[in-house]
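See structure below.
Here is how names work: the chains are called A, B, and so on, in the same order as the sequence lines, proteins then strands, and each is numbered from 1.
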Amino acid sequence: MRVASPPRRRQAGRKATALGSLAVRPDSPTFWKEVAATPGGEEIAICVQCNTCTSSCPVEVLEPDFNIRQLVARVKLGLREDVLDDPLLWACVRCHACVAHCPKHVNPGEIVEALRYIALREGKEGPGPRHAKAFAKSVLQNGRIHEAGVTIDSIGWRGMAAQGVLAVQMLRRGKAPSLRPHPLKSIREVQALIAAAGEME
Amino acid sequence: MTEKRKLGVFLCHCGGNISDVVDVKAVRESIEKQDGVVLATDFRFMCSNEGQERLQKEIRERGLDGVVVACCTPKMYEDLFRQKAEEAGMNPYLLEIANIREQCSYAHRFEKDKATEKAKVLVRGQVEKVRHLKPLEVKTAPIQPGVAVIGAGIAGIHASLLLANLGHKVTLIEKSPTIGGNMARTVKTFPTDDCAMCTLSPKMNEVYNHERIDLVTYAEVKEAKRSPGKFTLVVEKKPRYVTDACIGCNRCTEKCPVSTAKSPVSVESEWDQGLTKRKAIYLPFPQALPQLWTIDADHCFYFQRGGKCRVCAMVCPAKAIDFTMKPERLDLEVGAVIVATGYQEYDPTPLRLYGFGREPNVLTQMQVARMLDSMGPTKGTVSRPSDGRAADSIVMVQCVGSRGAPGDPLTHEYCSRVCCMVAVKHAQLIKKARPDTEVYVLYNDLRAYGKGFEEYYVHSMELGVKYVRGLPGKVRKEGARLLVDVDDMLTGRRLEIPADVVVLSAAMEPTPVDDLLKSLKLDTSPDGFVKEYHAKINPTETAVKGVFVAGCAQGPKDITDSISQAGAAAMSAAVFLGGGEMTLNPLVAEVDAALCRACDRCMEVCEFDAVKVDPEMLIAVVDETACEGCGKCTVVCPTGAISVRQFTKPQIVASIDAMAPMAVSP
Amino acid sequence: MRYAYFPGCVATDSCGELDQATRAVAAHLGIELVDLEEAACCGAGNLQEANPKAALALNARTLSMAEAQGVDLLTVCGTCQMYLARANRELQDPATREKVNAVLARVDRRYEGRVRVRHLLQVLLEDIGPRKLAANVRRPLGDLNVGAFYGCHLLRAPGSEAFDDPEEPRRIEELITVLGGRPVTYGGRTSCCGFHVLTVREDLALRMAGGELLEAKAAGAQVLATPCPLCHLVLDAYQGRAGKAVGAQAGLPILHLSQLVGLALGIDPERLGVKRHLVPVAPVVRALEEREVLRA
Amino acid sequence: MTFEPEIAAFCCNWCGYSAADQAGAAKLTYPSSVRILRLMCTGMMDPYYVLRAFERGFDGVLVVGCHPGSCHYKSGNLQAADQMKRVASILRALGLGEERLLMTAASAAEGGVFADTATAFTEKVRKMGPSPLREA
């Protein structure tokens with residue numbers, strides 16, 4: 001039987017105290033209620049930790065520190081900062097395999113959506129939030145995604161450089177995304193809609 | 001106007017509990033003046049022998065025709081005082097209790113004068129009520145002797161034996177051609193590893209040969225009407241097309257063309273849970289009782305293809321084949337019914353991720369049970385249906401179809417209780433038979449809660465069964481084998497377990513018996529099983545008097561619990577049947593024929609199917625054996641035709657008026 | 001056969017060839033595409049996380065544009081299908097729809113919920129139908145081993161379970177067979193290309209894509225067909241870097257369904273934009289042209 | 001002399017009445033002007049009894065049955081709740097105000113609940129003053 005995941009590294013994303021302890025305090029017991037009130041998190045209460053979701057997850061195979069069942073358990077236990085500060089919250093590829101397989105229809109994938117919404121609202125930093133904010137900015141400014149702009153905002157020029165020869169190859173084949181954004185003619189309408197949507201309860 | 005009454009009021013001091021707070025003398029004096037009260041007396045202990053003798057003496061000497069005993073709560077001595085009144089010659093139902101202790105002296109012990117005032121009001125209220133009471137006779141109604149037990153699994157069999165041995169006439173009705181139910185198909189039973197048939201067949205034989213048990217197999221209850229003290233069942237006995245002359249030589253099955261290689265029609269054997277095919281004429285399993293072959297008319301060529309094929313009739317040495325047999329209709333009258341219709345295994349096909357139905361090597365636990373049976377399709381070894389090779393690696397998956405999402409139509413929300421132990425049982429049976437087989441049990445919570453279960457679970461570990469905490473993400477194909485993706489919480493590792501066979505521990509769901517339940521007026525609980533009278537305190541009776549439930553029909557349970565519940569159901573039924581007579585609760589509804597407009601309103605609200613409008617007479621008739629006296633009908637009846645004895649409108653209004661501030665003399 | 005055409009963002013930018021190919025195939029098969037130039041982005045999950053209400057409102061606006069034309073909405077991307085179909089399902093609830101319509105009214109639009117969101121694969125197999133498609137094939141795929149790469153969102157978009165079995169899909173294989181090709185199945189065909197974490201955890205995306213490419217190669221696939229521009233971008237443009245991440249180059253040309261169908265229909269490869277691919281598609285095109293059947 | 005409201009309390013034999021017994025046994029007190037009448041089930045609670053009680057001068061009517069789902073006769077308490085809602089509208093029409101009628105539940109083990117409810121309801125009716133139907 002092939003053991004698919006490499007040995008476990010130190011739990012990424014957990015802040016050690018001065019003495020190096022990784023112990024966390026369950027600091028917000030009603031965190032699960034907050035998530036349940038956020039779109040996507042409605043059914044979190046009835047998760048019985050059966051692990052079908054983690055068994056279906058394509059990310060966990062490659063990154064054992066990302067464990068969707070454990071993430072839900074950490075929410076239910078009230079480890080708010082431990083969850084919202086975890087960079088791996090942004091490692092989920094949104095493939096919805098867990099949502100399809102969950103026997104209790106708890107929709108773990110959509111719980112990640114809810115957690116990211118809360119993390120963004122609280123101004124958490126990191127590559128994940130940066131990409132989400134870049135994406136939202138592009139929609140607000142252009143109505144659609146300006147690929148080049150979003151990528152540069154997300155990974156910065158240093159990140160672009162790390163792409164190495166890829167950018168050149170794409171340029172040569174005319175596959176490079178356009179550097180100039182093409183906002184929709186009705187971008188005013190889109191912006192008015194986004195503003196109005198904000199007031200929708 | 002009510003005629004002149006001779007009412008007696010007896011006030012109890014309760015040794016100070018009442019008299020320390022309530023001025024009993026003042027209450028007595030005020031009651032004496034009340035119309036119809038010929039005696040108002042008080043005594044230190046009404047409930048003592050002396051108190052009771054005083055009561056009886058006064059009743060006899062003064063010919064009292066109504067008594068109010070003002071003492072403690074009626075829950076304590078109402079029955080005692082009524083019994084004493086009856087001995088003294090007065091109709092017991094003309095005696096009422098005024099609760100001047102718990103609901104007066106105890107509750108208002110700091111306000112003596114208010115308590116005294118209240119005592120007067122309470123007694124006055126009961127006196128007015130007694131004035132309007134009518135004498136009641138405690139009637140008895142005959143109960144039809146005999147019990148019908150529906151379903152001949154272990155629960156039905158056990159209940160039938162107990163009742164028959166008690167002397168009751170039992171009719172045991174079984175839908176399939178043989179008795180034995182699901183237990184007969186399980187190879188061994190946990191946690192004792194007894195061979196299922198060894199423990200079951202003696203009981204089956206005992207049922208088969210018992211002179212007070214009438215066994216009706218291959219038959220279904222088409223209709224069950226309840227009437228006072230009796231259930232009338234219409235049972236349809238399907239024709240077997242095989243007469244009793246059958247000597248069991250099995251030649252017909254050997255020669256029957258159905259399910260052979262060339263045959264256009266093939267039938268999956270229900271007994272082997274679809275692992276094998278069976279002929280149109282068949283005996284479900286060797287120890288089947290009755291030992292009678294059966295022709296399945298839906299697949300038999302004679303019936304389906306114009307009556308040309310008569311192979312079985314030709315080869316039968318005993319000439320036992322008779323195509324002309326017709327369904328028999330059996331009318332049955334019994335006093336009690338026990339529903340023991342059992343369970344069926346959940347079909348995991350809707351759970352696409354497990355691949356049941358798509359991958360031939362994905363099985364259910366019942367199919368594995370059939371494989372482990374030495375007489376079974378694979379002679380005792382768990383093998384791959386795809387190529388028949390013995391399985392070297394087996395992965396079992398728990399909670400398949402159980403513990404699902406609330407309201408999900410494809411699965412059940414409840415835990416089926418037994419599948420964990422079934423998995424442990426099959427795992428260690430496999431390890432004992434072929435020790436080097438790798439067996440994995442993928443579980444969420446392994447529930448080994450019963451007597452001897454933990455030891456059984458730990459023993460399976462000693463045999464090398466591997467337990468993985470986590471349900472799989474997907475069962476997929478890898479060449480000739482299957483691959484099970486599962487993340488194991490215990491080791492924190494993500495595993496890909498190659499498996500020759502994947503076994504799904506499928507849920508238990510109720511056998512579909514909706515028509516039977518509808519005709520018995522039984523409802524089901526949200527999980528679809530038969531609803532017991534009370535989930536905690538009364539799990540064997542049902543809302544319908546005289547109908548009891550036992551075994552998995554009432555909810556998932558193992559054989560041990562089924563037997564205990566069957567025993568309880570049998571005892572409840574025996575108590576209900578009693579000596580053939582049922583004492584009726586007099587405080588039930590009765591109908592004043594003159595006022596009844598046959599509008600059915602009472603029937604609509606009655607939860608106990610206790611009142612029906614007689615079609616010819618067009619008057620509502622109360623079935624006093626079923627009515628519980630709750631009075632719902634009295635409120636919806638537009639003309640006040642129906643009322644509950646001792647709680648009629650005039651009687652209640654009388655006590656309201658008597659206790660009201662602006663007391664108005666009637 | 002008229003649809004409101006919603007190409008999405010990537011199919012008109014870095015993978016512009018897919019928009020080209022879709023228009024060519026549509027023209028060839030007589031499908032009229034009504035352009036929704038002013039439709040906004042479907043949110044791709046990102047906007048759903050950052051601002052779910054705005055995402056729902058924008059998708060409702062797109063759906064109302066299609067409804068105004070009285071046609072269904074055609075997508076060519078798994079992710080667009082997922083999030084537009086999800087918004088459409090939420091908007092079937094009258095209360096939610098009224099709430100969103102109140103917002104849409106600000107920009108004098110309204111959505112009644114009558115539009116169906118359909119992917120190119122559904123339109124090809126259900127509306128055009130296998131017989132008509134086969135009749136139009138000029139370059140049968142012949143003995144070309146074509147592997148299907150479903151990706152994840154198309155299989156899990158609301159309502160997709162009625163079109164294909166999410167656990168063991170076979171609709172793309174069906175399409176390949178109709179086009180005269182030989183479908184090749186392999187384990188990774190229903191797993192994820194990792195596009196959605198490309199800018200956050202690129203290593204994960206590359207290892208996912210790399211693994212799946214090698215699995216397809218091992219199963220004998222000579223070209224992969226995918227219904228989604230995001231998978232197309234990762235599997236084609238990032239195939240080199242993915243190969244490095246898993247230590248072996250698959251060298252598999254990647255075709256979006258629109259291009260595969262375009263080639264089979266005999267459309268000039270230039271108009272299908274195959275030149276823009278990083279993994280050269282030329283060998284596949286040459287193999288097909290040799291067996292081109294010039295039908296009347 | 002403060003106004004002492006007279007309350008008619010219709011209690012079901014299995015829950016309300018037993019709760020009152022338990023309150024007494026536990027020596028809990030509640031106003032003595034609460035007069036308890038025993039019914040087998042609140043299901044037999046007829047709107048007429050409420051109107052009759054008010055007509056005869058009671059200032060408030062209390063109906064104490066079982067909690068939903070634990071009625072000895074399965075659904076008597078549910079029918080009572082519907083009937084009391086109907087009679088509440090009649091009380092409103094009569095100008096008596098529906099607050100003078102309260103349908104509640106107390107199980108056989110909730111003597112405390114019975115005592116508190118009886119006390120609180122009597123206080124509420126006391127604040128509302130005597131029933132308009134009462135003579136001066």
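Distance alone, capped at 3.5 Å, is enough to place a donor-acceptor pair between the C/Arg156 side chain and the A/Cys95 backbone. Between the C/Glu38 side chain and the A/Lys185 main chain, a donor and an acceptor come within less than 3.5 Å of each other. Side-chain N or O atoms of A/Glu147 include one that pairs as donor or acceptor with a backbone N or O of C/Ser14 at under 3.5 Å.
Contact of the A/Met170 side chain with the C/Leu278 side chain is registered, since non-hydrogen atoms from C-beta on lie closer than 4.5 Å. Side-chain contact check for A/His96 versus C/Arg86: some heavy-atom pair is nearer than 4.5 Å. Residues A/His101 and C/Glu167 form a side-chain contact, since some pair of their non-hydrogen atoms from C-beta on lies under 4.5 Å apart. In this structure, the side chains of A/Ser178 and C/Asp13 come closer than 4.5 Å at one or more pairs of heavy atoms. At a threshold of 4.5 Å between non-hydrogen side-chain atoms, the residues C/Leu104 and A/Leu193 count as touching. At least one side-chain heavy atom of A/Leu88 sits under 4.5 Å from a side-chain heavy atom of C/Arg201. Counting only heavy atoms from C-beta outward, the side chains of A/Arg94 and C/Tyr83 approach each other to under 4.5 Å. Between A/Arg130 and C/Val200, every side-chain heavy-atom pair lies at or beyond the 4.5 Å cut-off.
Per-residue heavy-atom pair counts under 4.5 Å with chain A were compared for C/Ala55, C/Gly43, C/Gly273, and the maximum is reached by C/Gly43. In terms of non-hydrogen atom pairs under 4.5 Å with chain A, the most contact-rich of C/Glu161, C/His196, C/Lys53 is C/Lys53. Among C/Gly151, C/Gly240, C/Ala102, C/Ala44, the residue making the largest number of heavy-atom pairs under 4.5 Å with chain A is C/Ala44. Put simply, of A/Glu189, A/Glu110, A/Lys133, the one with the most heavy-atom pairs under 4.5 Å next to chain C is A/Glu189. Of the listed residues (C/Glu37, C/Met208, C/Met82, C/Glu49), the one with the most heavy-atom contacts under 4.5 Å to chain A is C/Glu49. Options A/Gly126, A/Cys92, A/Ala134, A/Gly143 differ in how many heavy-atom pairs under 4.5 Å they form with chain C, and the most are formed by A/Gly143.
Once rounded to the nearest 0.5 Å, the distance linking CG of C/Leu47 with CD1 of A/Ile145 reads 8.0 Å.
For A/Leu120, the part lying under 4.5 angstrom from a heavy atom of chain C is the side chain only.
Look at C/Lys99 and A/Glu199 and you find no salt bridge, because none of the NZ, NE, NH1 or NH2 atoms lies under 4.0 Å from a carboxylate O.
Residues A/Gln163 and C/Arg241 have side chains that bring a donor and an acceptor to within less than 3.5 angstrom of each other.
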